[in-house]
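Structure first, commentary second.
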Amino acid sequence: MFSARWQIDAKFGHKQTVLELMRKWEREIGSQVGIADLKFQIMTGSIGAREATIETHHQVETLAQLEEFFAKIGKIDAHAKWGKELEPYVVSGTSLWAIYRIVE
């Protein structure tokens, strides 16, 4: 089992806007690709982390499941449009995917 984590930093004063856009993605795009099956979560920096950092977690059984997720969202025009809508509110260059193996 893996946790796929996508991290971005909101520009100063725009954290709430980024969070709202992340929820919009969850409703409008993630729902089309079965995000509910991936135990999707949105987290923000609190203690010992940058307050501007926003992370999404997707839990997958296999890396093949994650690849399938990426392939599906890549075919959705609304996903590309959403990315352009998000871009003005995110610190350029902070987007990062990290994949962690869950130890049970």
Side-chain angles (χ1 to χ4, degrees):
M1 176 121 19
F2 298 89
S3 176
R5 299 163 57 175
W6 183 56
Q7 183 181 91
I8 55 174
D9 285 350
K11 287 183 178 176
F12 185 79
H14 295 287
K15 182 177 174 182
Q16 189 57 45
T17 301
V18 173
L19 287 170
E20 289 167 7
L21 287 168
M22 295 301 293
R23 289 292 179 204
K24 178 181 178 181
W25 182 91
E26 181 181 16
R27 284 188 316 274
E28 298 177 9
I29 298 157
S31 63
Q32 295 181 50
V33 295
I35 199 76
D37 297 333
L38 303 182
K39 297 184 181 176
F40 181 77
Q41 297 177 305
I42 298 174
M43 301 179 185
T44 63
S46 185
I47 299 169
R50 290 186 304 271
E51 186 177 337
T53 298
I54 299 167
E55 261 191 25
T56 62
H57 289 215
H58 310 73
Q59 189 169 313
V60 294
E61 293 287 332
T62 66
L63 293 177
Q65 185 183 16
L66 183 61
E67 287 291 333
E68 182 180 325
F69 166 76
F70 288 146
K72 286 179 182 177
I73 64 171
K75 294 176 184 171
I76 299 174
D77 290 336
H79 178 68
K81 183 179 175 184
W82 170 84
K84 292 186 186 312
E85 185 179 0
L86 178 68
E87 187 274 330
Y89 307 107
V90 174
V91 176
S92 183
T94 61
S95 178
L96 171 71
W97 274 98
I99 312 301
Y100 288 83
R101 183 178 307 275
I102 297 173
V103 179
E104 298 185 39

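Because the structure is predicted, anything quoted here is derived from the model rather than measured. The basis for the numbers below is simple: all heavy atoms, side chains too, and nothing from hydrogens, waters or symmetry mates.
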Check Ile29 against Ala78 and note the closest heavy-atom contact, atom names and distance.
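Ile29 and Ala78 have their closest heavy atoms at CD1-O, 3.5 Å.
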Rounded to the nearest 0.5 Å, what separates atom [atom1] in [X] from atom [atom2] in [Y]?
X	Y	atom1	atom2	answer
Lys15	Thr53	NZ	OG1	8.5 Å
Ile8	Thr56	CD1	OG1	8.0 Å
Ile73	His79	CD1	NE2	4.0 Å
Ile54	Met22	CD1	CE	7.0 Å

Restricting to salt bridge (Lys or Arg N to Asp or Glu O under 4.0 Å), what partner residues turn up for Glu61, sequence neighbours left out?
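Glu61 satisfies salt bridge (Lys or Arg N to Asp or Glu O under 4.0 Å) with no residue once adjacent residues are dropped.
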Applying salt bridge (Lys or Arg N to Asp or Glu O under 4.0 Å), name anything that partners Glu26, two or more places apart in sequence or on another chain.
Arg23
Contacts of type side chain to side chain contact (heavy atoms under 4.5 Å, CB included), residue [X], not counting sequence neighbours:
X	result
Glu85	Leu21, Lys24
Lys39	Gln59
Gln41	Met43, His57
Gln16	Leu19, Glu20

Student check: side-chain heavy atoms of Lys11 and Thr17 closer than 4.5 Å:
no
With sequence neighbours left out, write down each residue that passes ring pair (Phe, Tyr, Trp, His ring centres under 6.0 Å) with Phe40, or none if nothing qualifies.
Trp25, His58
Heavy-atom count around Glu28 CD within 6.0 Å, excluding the residue itself: above 12?
yes
Taking it one step at a time, do Val60 and Phe69 satisfy side-chain contact (heavy atoms from CB on, under 4.5 Å)?
CA-CA 10 Å; Val60 294; Phe69 166 76; 5.9 Å; no
Considering only residues two or more places apart or on different chains, which pairs with a residue in residues 70-84 satisfy salt bridge (charged side-chain N to carboxylate O under 4.0 Å, His left out)?
Glu68-Lys72
Distance-only donor-acceptor pairs under 3.5 Å for side chains of residues 89-104, two or more places apart:
{"residue": "Thr94", "atom": "OG1", "partner": "Asp9", "partner atom": "N", "Å": "3.0"}
{"residue": "Thr94", "atom": "OG1", "partner": "Val91", "partner atom": "O", "Å": "2.8"}
{"residue": "Ser95", "atom": "OG", "partner": "Trp6", "partner atom": "NE1", "Å": "2.8"}

